[in-house]
Protein chains: 2
Amino acid sequence: MKGKTRAQEICKELGLKLTPQRMAILGYLDGNIAHPSAEDIYSAVSKRFPGMSRATVYNTLASLRDKGKLLELTIDPAKKRYDPDTKPHHHLICLECKRVSDIDRMFDLELPDSLGYDITGNHIEFYGYCPECRSTRT
Amino acid sequence: MKGKTRAQEICKELGLKLTPQRMAILGYLDGNIAHPSAEDIYSAVSKRFPGMSRATVYNTLASLRDKGKLLELTIDPAKKRYDPDTKPHHHLICLECKRVSDIDRMFDLELPDSLGYDITGNHIEFYGYCPECRSTRT
DNA sequence: CCTTTCATTTAGATTCATTCTAAATTGATA
DNA sequence: TATCAATTTAGAATGAATCTAAATGAAAGG
């Protein structure tokens, strides 16, 4: 009767089993622009699934990342952050509160001298202070 | 008789004591374009200073980073990498062997809509495969 | 040169993110 | 419904990085 959720569609497409834990993780990630860490995801999802293991979160994130459905960001030195928006875009991190925002803008990053590398992608990290942290700064 | 080394100059300038361990670490970093990790630095330097502690490496790197004499790169998901070249520049990482190369090129990264952030810097990460890893790839 | 002092070094414990393991569970298919 | 491989699980293990408290030593003044 009811239509398929995005979570279900993604699992089908990737040939992954539709487990309740995966549905919950995918549901939490869908449209999430906060760039959560694995722990953030675990905290949020385990509220609904009290028995769930951290390993399940890590396993699921790894599958999604490997199949190109999730970006793993190394912008935060303390931990990996995840972005369900896999279209090429860039990020802005607040050096104070570590909030990460999207920069949906194209830049010309032509590299005439690529040192013999086969370049497959790029990512710009902008650093600064978010509106909230700016005002609280000494 | 002999002139001051760069390591000595840097410590003087930063008001740090000239300890043999620091001299060795700074000596190892000076002109180093390999973007070593803390462990790389520890391995190299402890050959000459068998008794040295890892904590000394971390302490020294933190002082240098805090005083703007060293860049801490988050480009490698597994660990922090350090760059003694503090002039603004970008990096290229080999997804296979994790080698990091410098990109000494300027890009126009104007951001009209900075989402209310006070932007203090930026850094481009280029991803790809280095000449060696390219040829070994299946 | 000697003394004092405070920065620095040290070994080791600790934290924290992440990965691994092996056994138990469960979705999907027949 | 039975089967089987994928998945989940708890907890151990790993590895980078930080912290601790005590020992050491560089540097400044006498």
- Is the closest side-chain heavy-atom distance between B/S37 and B/Y82 below 4.5 Å? no
- Note on the structure: Rounded to whole Å, the CG-P distance (A/D66 to C/dT18) equals 15 Å
- Side-chain H-bond candidate by donor/acceptor type, A/H89 with A/D83, under 3.5 Å: yes
- Note on the structure: dist A/D85:CG -> A/D30:CG (nearest 0.5 Å) comes out at 11.0 Å
- Note on the structure: In whole angstroms, the gap separating P of C/dG27 from NZ of A/K17 amounts to 9 Å
- Task: Determine, step by step, whether B/L111 and A/F107 satisfy the side-chain contact (heavy atoms from CB on, under 4.5 Å) criterion, reporting the C-alpha distance in whole Å, the side-chain angles of both residues, the deciding distance to 0.1 Å, and the verdict.
- Result: CA-CA 10 Å; B/L111 261 194; A/F107 293 90; 3.9 Å; yes
- A/L18 has an atom CG; how far is it from atom C1' of C/dT26, in whole Å? 13 Å
- Axis-to-axis angle across the helix from C/dC1-D/dG30 to C/dA30-D/dT1, five pairs each end, nearest 10 degrees, ~ 30°
- Name all pairs fulfilling the salt bridge (charged side-chain N to carboxylate O under 4.0 Å, His left out) condition that reach into residues 98-113 of chain A, sequence neighbours left out, sorted by first residue then second. A/R99-A/E132
- Query: With a non-hydrogen cut-off below 4.0 angstrom, is A/A62 in contact with a base, only sugar-phosphate, or nothing?
  - Reply: nothing
- Task: Would you mind reading off the distance between B/D76 atom CG and C/dT18 atom C1', rounded to a whole angstrom?
- Result: 14 Å
- Task: With rounding to the nearest 0.5 Å, note down the distance linking CG in B/L26 to CD1 in B/I41.
- Result: 10.0 Å
- Item | Nearest-Å distance for atom pair CG/P, residues A/L16 and C/dT29 | 13 Å
- Item | Whole-Å distance separating the OH atom of B/Y42 from the P atom of D/dG15 | 15 Å
- Task: Grab the CE-P distance between B/M23 and D/dG25 for me, whole Å please.
- Result: 16 Å
- Item | Residues from residues 49-59 of chain A lying under 4.0 Å of DNA chain D - heavy atoms | A/G51, A/M52, A/S53, A/A55, A/T56, A/N59
- Message: With rounding to the nearest 0.5 angstrom, report the CG to OG distance, B/L16 to B/S63.
- Response: 5.5 Å
- Should the heavy atoms of other residues, nucleotides or ligands under 6.0 Å from CG of A/L115 be counted, would the total exceed 12? yes
- Query: To the nearest Å, how far apart are A/L26 CG and D/dT7 P?
  - Reply: 12 Å
- Task: For the side chain of A/R22, starting at C-beta, report the closest nucleotide among C/dT18, C/dC6, D/dA6.
- Result: D/dA6
- Greater than 12 external heavy atoms within 6.0 Å of B/K67's NZ: yes
- Residue whose closest nucleotide on DNA chain D lies nearer the 5' end, B/T19 versus B/K80: B/K80
- Message: Base, sugar-phosphate or nothing for B/K79? Non-hydrogen atoms, less than 4.0 Å.
- Response: sugar-phosphate
- Task: May I ask you to verify if any side-chain N or O of B/Q21 is less than 4.0 angstrom from the OP1 or OP2 atom of C/dT10?
- Result: yes
